[in-house]
There are 2 protein chains.
Amino acid sequence: MGLTRIDKYTQEQVDLAQLLKVLGHPARIAIVQSIIRTDSCVCGDLVTEIGLAQSTISQHLKELKHVGIIQGTIEGSSVCYCINKETWGRLESTVNELFKSVAANPDCC
Amino acid sequence: MGLTRIDKYTQEQVDLAQLLKVLGHPARIAIVQSIIRTDSCVCGDLVTEIGLAQSTISQHLKELKHVGIIQGTIEGSSVCYCINKETWGRLESTVNELFKSVAANPDCC
DNA sequence: AAAGTTAATCGTAATATTGCGATATAGCAA
DNA sequence: TTGCTATATCGCAATATTACGATTAACTTT
């Protein structure tokens with residue numbers, strides 16, 4: 001069917017999966033890393049830096065923005081994209097909880 | 001084209017994205033959580049617990065196994081799936097590095 | 001051997017994702 | 001106004017993903 005069934009899962013599972021899914025693309029990882037590294041909200045630079053078409057980068061930015069991983073502010077004729085720390089904080093604590101339970105899990109096979 | 005171009009990215013970006021992508025599905029999150037929680041390598045139980053078809057669960061297990069998130073050992077007529085801690089350790093440190101750089105990133109817009 | 005259990009694989013239909021060029025939109029500059 | 005730049009959106013083609021039923025494979029029990 002190609003349609004992920006969400007009626008079987010908790011809201012937490014759906015939310016976490018959504019964030020991880022959006023981050024689960026190398027272009028979007030590269031975009032996030034670039035936004036962090038350049039430390040300024042350059043945006044069009046991503047096109048030349050990553051080497052995908054402008055429309056493709058714009059689409060990835062849209063997805064990152066849609067789930068709240070980044071946020072954009074219009075700044076003259078360009079757009080300033082930066083990290084949404086609230087979402088990252090939420091993701092960090094959820095993921096760390098998972099890591100903790102993995103670490104505490106005894107080997108069994 | 002539907003084909004993710006990997007020639008534009010570093011190996012680290014591709015590897016991280018691959019792990020996050022596989023975890024980016026609620027059924028696979030539920031599977032991982034269940035494997036951790038039950039603390040034993042039950043497997044067929046996932047079908048009744050999650051409520052997807054047996055073939056669907058098997059397919060998700062295959063993907064988790066393929067990227068090394070879990071590992072399976074044949075145990076009689078059933079299979080014992082459990083966490084692959086080496087992969088989780090790698091993922092944890094990579095992700096934590098990312099979280100650290102996000103936290104250190106100054107707000108700019 | 002025959003039947004039952006468990007899990008993997010195959011085939012398939014429906015939907016989603018990726019990437020691009022072309023076009024639209026909006027602010028800025030001359 | 002007329003261009004120029006920056007970004008978003010549209011439409012499309014290629015490919016990937018998701019889910020399922022049916023089948024297969026392998027072990028267990030009778």
Side-chain angles (χ1 to χ4, degrees), chain A residues 1-9 13-14 17-31 34-35 40-67 70-82 109, chain B residues 1-9 13-14 17-31 34-35 40-67 70-82 109:
Chain A
M1 306 232 181
L3 180 57
T4 298
R5 310 185 56 162
I6 61 168
D7 55 306
K8 312 263 186 183
Y9 316 105
Q13 289 170 333
V14 172
Q18 190 184 37
L19 286 174
L20 295 180
K21 182 180 187 176
V22 169
L23 286 175
H25 190 290
R28 293 192 285 263
I29 291 288
I31 287 173
S34 177
I35 289 180
S40 71
C41 302
V42 283
C43 164
D45 297 350
L46 292 166
V47 176
T48 50
E49 187 167 334
I50 297 179
L52 294 175
Q54 181 266 322
S55 57
T56 306
I57 295 287
S58 187
Q59 201 179 328
H60 284 305
L61 286 168
K62 187 181 177 182
E63 284 177 80
L64 286 166
K65 192 173 153 192
H66 178 247
V67 297
I70 61 174
Q71 61 196 107
T73 324
I74 296 170
E75 201 132 293
S77 67
S78 60
V79 178
C80 164
Y81 277 109
C82 57
C109 51
Chain B
M1 305 237 183
L3 180 58
T4 299
R5 310 187 54 164
I6 62 168
D7 55 306
K8 313 263 185 184
Y9 315 105
Q13 289 170 333
V14 172
Q18 190 184 35
L19 286 174
L20 295 180
K21 182 181 187 175
V22 170
L23 286 176
H25 190 290
R28 293 191 287 263
I29 290 288
I31 287 172
S34 177
I35 289 179
S40 69
C41 302
V42 282
C43 164
D45 297 350
L46 292 165
V47 176
T48 49
E49 187 168 334
I50 298 180
L52 294 174
Q54 181 267 320
S55 57
T56 307
I57 296 288
S58 187
Q59 202 178 329
H60 283 305
L61 286 168
K62 187 182 178 182
E63 284 177 81
L64 287 166
K65 193 173 152 191
H66 178 248
V67 297
I70 62 175
Q71 60 196 107
T73 323
I74 296 171
E75 201 133 293
S77 68
S78 61
V79 177
C80 164
Y81 278 109
C82 57
C109 49

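Order of the sequence lines sets the chain letters (A, B, ...), proteins ahead of strands, with each chain counted from 1.
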For the residue pair B:L20 and A:L19, establish whether any side-chain heavy-atom pair is separated by less than 4.5 Å.
no
Taking the side chain as everything from C-beta on, heavy atoms only, tell me whether A:I31 gets closer than 4.5 Å to A:L64.
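Side-chain contact under 4.5 Å: yes.
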Would you jot down, in residue-number order, the residues of residues 53-64 of chain A having a non-hydrogen atom under 4.0 Å from DNA chain C?
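Of all residues in residues 53-64 of chain A, the ones placing a heavy atom under 4.0 Å from DNA chain C are A:A53, A:S55, A:T56, A:Q59, A:H60, A:E63.
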Walking DNA chain D from its 5' end, the first of A:S77 and B:I74 to be reached, judged by nearest nucleotide, is A:S77
Calculate the interatomic distance between [X] atom [atom1] and [N] atom [atom2]; express it in whole Å.
X: A:K65; N: D:dT9; atom1: NZ; atom2: C1'; answer: 13 Å
X: B:Q18; N: C:dT17; atom1: CD; atom2: P; answer: 18 Å
X: B:E75; N: C:dA8; atom1: CD; atom2: P; answer: 13 Å
X: A:I31; N: C:dG19; atom1: CD1; atom2: C1'; answer: 13 Å
X: A:R28; N: C:dG19; atom1: CZ; atom2: P; answer: 8 Å
X: B:H25; N: C:dT15; atom1: NE2; atom2: P; answer: 15 Å
X: A:I50; N: C:dG19; atom1: CD1; atom2: P; answer: 10 Å

I'd like to check the side-chain contact (heavy atoms from CB on, under 4.5 Å) partners of A:K62; sequence neighbours left out, ordered by chain and number.
none
N/O donor-acceptor pair under 3.5 Å between B:R28 side chain and B:V22 backbone
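Yes, because the side chain of B:R28 sits within donor-acceptor range (under 3.5 Å) of the backbone of B:V22.
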Classify the ring geometry of B:Y9 against A:H25: parallel below 30°, tilted from 30° to 60°, perpendicular beyond 60°.
perpendicular
Measure the spacing between OH of B:Y81 and CD1 of B:I35 and express it to the nearest 0.5 Å.
8.5 Å
In residues 42-58 of chain A, what donor-acceptor pairs under 3.5 Å come from side-chain atoms, sequence neighbours left out?
from  : atom 1 : to    : atom 2 : distance (Å)
A:T48 : OG1    : A:D45 : O      : 2.9
A:E49 : OE1    : A:S34 : OG     : 3.4
A:E49 : OE2    : A:S34 : OG     : 3.4
A:E49 : OE2    : A:R37 : NH2    : 2.9

If the cut-off is 4.0 Å, is [X] near the phosphate of [N], judged by side-chain N/O to OP1 or OP2?
X: A:H66; N: D:dA8; value: no
X: A:Y81; N: D:dA8; value: yes
X: B:K8; N: C:dG19; value: no

